[in-house]
Each structure stands twice: as structure tokens, then as C-alpha cells.
Amino acid sequence: MRRILGVPALLLAPLLALAACTSGAPKAQQSASGSAGASPKVVHLTMAVPYGTTSSVERFIQRVAEATGGSLQIDAKLKWRTGRLAYEDGTIADVQAGKADLGVAGTRAFPGPVRMLSAPELITSYAAQERLFTSPLYKRLGTALSVPGITGLGLLPGQFRYLFTASRSAPTPTGLHGRLVGVAQSKLADDTFHALGARTRWYPLSGSVSDMDAIESSIASFNHEGYASSKKYLTGNLVLWPRMVVPFVSDTALKRLSPHQRQALVQAASAAFEDTMSELQAEDADELTQLCTGGLVVGQAGAAQLAAYRVAVAPVGTRLEHDPQTGKLFTLVKSLVKGAKPEPALHC
């Protein structure tokens with residue numbers, strides 16, 4: 001078997017097994033039940049989604065249904081664990097425990113190498129996400145979760161996180177020193193803001209952020225959750241990181257599926273990634289227009305401020321480069337996205 005650089009074989013075994021199951025019969029002859037000529041067996045699975053509706057998850061579910069001819073039906077349970085801290089960690093644990101068959105969580109929530117995609121100054125544009133999707137690294141990272149009892153199915157694209165503040169504050173050690181920054185469950189975000197001299201506190205989905213000096217959030221979440229009532233300023237030319245997400249399935253649920261249905265899950269993630277890139281960008285633009293109409297002020301950090309930010313957060317990436325678990329893959333991703341077209345600065 002060919003060795004795949006940077007990912008232990010144990011992480012890839014479930015998906016390699018899925019691929020092997022489908023290799024024995026031509027696709028045209030293979031029914032949804034996994035054997036030629038058999039009547040499709042309809043299987044219903046629940047999917048824990050710890051957010052409101054998202055384009056990428058919707059597309060993933062749609063692609064699964066199409067690929068299986070309706071023999072695999074996924075019922076998405078939205079806002080799973082709403083109002084709780086560490087809602088993504090909890091979602092992962094719930095799928096492990098059998099409370100749901102599938103789940104989705106940000107790359108930031110997993111202990112495996114995939115977590116590095118939430119690092120600062122790594123993936124900072126949709127063009128960079130596109131490069132990742134079209135590279136062999138896409139499949140490697142989508143299975144590199146390091147969580148027993150579940151299998152990663154790939155990566156789905158994510159909207160970018162920005163810094164929203166209650167007052168005009170530069171994203172520098174001087175501007176954020178001693179400030180309280182709200183973080184949506186991310187140890188790497190904690191590390192980033194600590195490097196900038198800030199204090200951090202995790203906030204739950206739909207939770208109050210009124211006592212915080214700043215929060216990191218996507219534009220869509222910021223708008224939908226009403227955070228503009230206490231945070232009036234956005235740094236428009238500083239992309240923090242994407243919230244790329246990983247759909248995953250419990251190993252117990254996988255055993256209920258035919259080989260064809262299992263393969264459909266794997267293929268649906270990559271198909272959904274391609275489908276939703278432009279949709280996410282259009283949603284960003286629409287949500288920002290609404291926020292600007294409501295009074296949000298979008299400012300721009302100066303060149304010296306951006307330079308100070310990058311110097312301050314550089315050790316976060318350095319630690320990932322020297323981490324035995326993430327080092328090789330981090331270096332590969334960093335090289336892959338180098339020179340990708342930057343994301344345009346946001347303006348009202």
C-alpha cells in the first residue's frame with residue numbers, strides 16, 4: 001500500500017475500506033443496497049448540525065440523496081447544542097455516543113492535524129480554499145480527525161472570521177492588550193488573541209457577547225445572532241481564518257450502509273465543496289450590506305498595524321510547524337496556498 005505523507009495509516013483506514021468496498025462492481029450495476037439487481041434499502045440517518053442552516057451542509061445532504069437515488073436520507077438537526085459552550089466538542093461526543101448518526105464541526109474542534117486549518121495567516125482567501133480543494137491534501141486532511149469511533153468524510157468550505165469590536169481598536173498588541181475577546185470554541189483562536197495580549201472567553205451560539213470588548217465571528221453569524229447591538233466596528237482588511245467544517249459519521253452508522261451508500265457519503269463532501277464556494281461569497285456580500293445599512297462601521301487597519309499583527313501571531317504557526325502531528329502537513333498547506341489571490345478588503 002502506498003504510504004501517504006504526514007497522516008498515520010490508522011486515520012485513513014476507514015475511508016480506504018469504503019473505497020475498497022465499491023471496487024468490486026461497476027457503478028452502473030451496483031444498486032443502493034450494494035448488490036446488483038437488489039431493491040434499494042432506504043436508510044434514514046440523523047445529522048447533528050451545531051449551527052443554523054448553512055449552504056455547504058445543505059448541498060452535502062442534497063448530493064447524498066442524489067447519489068443514492070434517495071436510498072439514503074439525512075435528517076439535519078439544526079442548532080444542535082445551541083446555547084452551550086464547546087458546542088462542537090459536544091456534537092462530536094454525541095455522535096460518538098450514538099445520539100446522532102452523523103455530525104458536522106469546524107476543523108478547529110478536532111484534535112487531529114485538520115485543526116491547523118483554523119490557524120491565523122494560513123488560509124485567508126477563498127482562492128486559497130479553492131487551491132486546497134483541488135489538491136491531494138483535501139482528502140488527507142478531511143480524514144485526519146484523531147477521534148475514535150467516527151470517520152471524517154472530507155472538508156466543506158467555510159466563511160471567514162473577522163474581528164468585530166465595541167470601539168475602534170487596532171488588531172495589534174497595543175490595541176488589544178488586556179481586552180476581553182469572545183471566541184467561538186477554538187484553542188488556536190485563544191492562542192492568537194493571547195499572543196496579541198488579549199484575554200479570551202468562549203461564547204456559545206446565540207449567547208450574549210455584550211460584556212466583551214471584541215469577538216471573532218463570520219459576517220453571517222454576526223448578523224443572524226444580532227451581535228451588532230453591542231459591536232459596532234469591523235476591521236475589513238484582516239481575515240483571521242475560515243470556519244471550514246468536516247462532516248463525519250459514526251462507525252456504527254457506517255455498518256448499516258451498503259457499499260454504494262458509504263461511497264456516496266465520501267463523494268458528497270467534495271461535490272458540495274465545489275458547489276458552495278460562490279454561494280458563500282454571495283452570502284458574505286449580502287450579509288455585509290445588511291449590517292452596513294444597520295450602522296456597522298467598517299474600518300481598515302494600517303500597514304504598520306497589520307505588520308505588528310503578523311509578527312505577534314507568527315509563533316502560533318511556528319508551533320504548528322514544529323508539532324510532530326501537524327508539522328509536515330502544515331508546511332505542505334502553507335506552500336500550497338502561498339501566492340493565492342488575497343481576499344478583497346471589506347467596505348460599506
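Predicted, not measured: the structure shown is a model, and the values here were computed from it.
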Quick one: does S125's side chain have a donor or acceptor within less than 3.5 Å of a partner on K341's backbone?
yes
Side-chain donor or acceptor of E321 paired with backbone N/O of T331 under 3.5 Å
no
Determine yes or no for a side-chain-to-main-chain donor-acceptor pair under 3.5 angstrom, with T172 supplying the side chain and G175 the backbone.
yes
Sequence neighbours left out, what pairs pass salt bridge (charged side-chain N to carboxylate O under 4.0 Å, His left out) with at least one residue falling in residues 291-318?
E121-R310
Under the ring pair (Phe, Tyr, Trp, His ring centres under 6.0 Å) definition, can you give me all pairs with a residue in residues 198-218, not counting sequence neighbours?
Y203-Y227
4.5 Å side-chain heavy-atom contact, D101 and M47
no
Does K255 use its side chain to pair, donor to acceptor, with the backbone of D251 at less than 3.5 Å?
no
List the residues meeting side chain to side chain donor-acceptor pair (under 3.5 Å) with S208, not counting sequence neighbours, and say none if there are none.
S210
Partner set under ring pair (Phe, Tyr, Trp, His ring centres under 6.0 Å) for F248, not counting sequence neighbours:
F110
What pairs of residues pass the salt bridge (charged side-chain N to carboxylate O under 4.0 Å, His left out) test when at least one of them lies in residues 202-224, not counting sequence neighbours?
R161-E216, R201-D211
Scan residues 125-186 for pairs that pass disulfide (SG to SG under 2.5 Å), counting only residues two or more places apart or in two chains.
none
Locate the shortest heavy-atom distance separating P120 from V316; write the atom from each residue and the value.
CD-CG1, 3.8 Å
So salt bridge (charged side-chain N to carboxylate O under 4.0 Å, His left out) across residues 86-96, not counting sequence neighbours, yields R81-D94, E88-R108, D94-K99
Output yes when a side-chain donor or acceptor of S221 lies under 3.5 Å from a complementary backbone atom of S218, and no otherwise.
no
N/O donor-acceptor pair under 3.5 Å between Q96 side chain and P148 backbone:
yes
Within residues 145-187 or reaching into it, pairs that qualify as ring pair (Phe, Tyr, Trp, His ring centres under 6.0 Å) - sequence neighbours excluded
Y126-F160, F164-F222
Give me each pair satisfying salt bridge (charged side-chain N to carboxylate O under 4.0 Å, His left out) with a member in residues 170-197, each pair once, sequence neighbours excluded.
none
Any sub-3.5 Å donor-acceptor pair from Q261's side-chain atoms to S71's backbone N or O?
yes
Enumerate the ring pair (Phe, Tyr, Trp, His ring centres under 6.0 Å) contacts for residues 305-348, please, sequence neighbours excluded, ordered by first and then second residue.
none
Please output the side-chain donor-acceptor pairs of residues 152-159 that fall under 3.5 Å, not counting sequence neighbours, one pair per line with the distance.
unit_1 : atom_1 : unit_2 : atom_2 : d
Q159   : NE2    : E283   : OE1    : 3.4
Q159   : NE2    : D284   : OD1    : 3.1

Residue pairs passing the ring pair (Phe, Tyr, Trp, His ring centres under 6.0 Å) test where at least one lies in residues 265-285, sequence neighbours excluded
F133-F273, Y138-F273
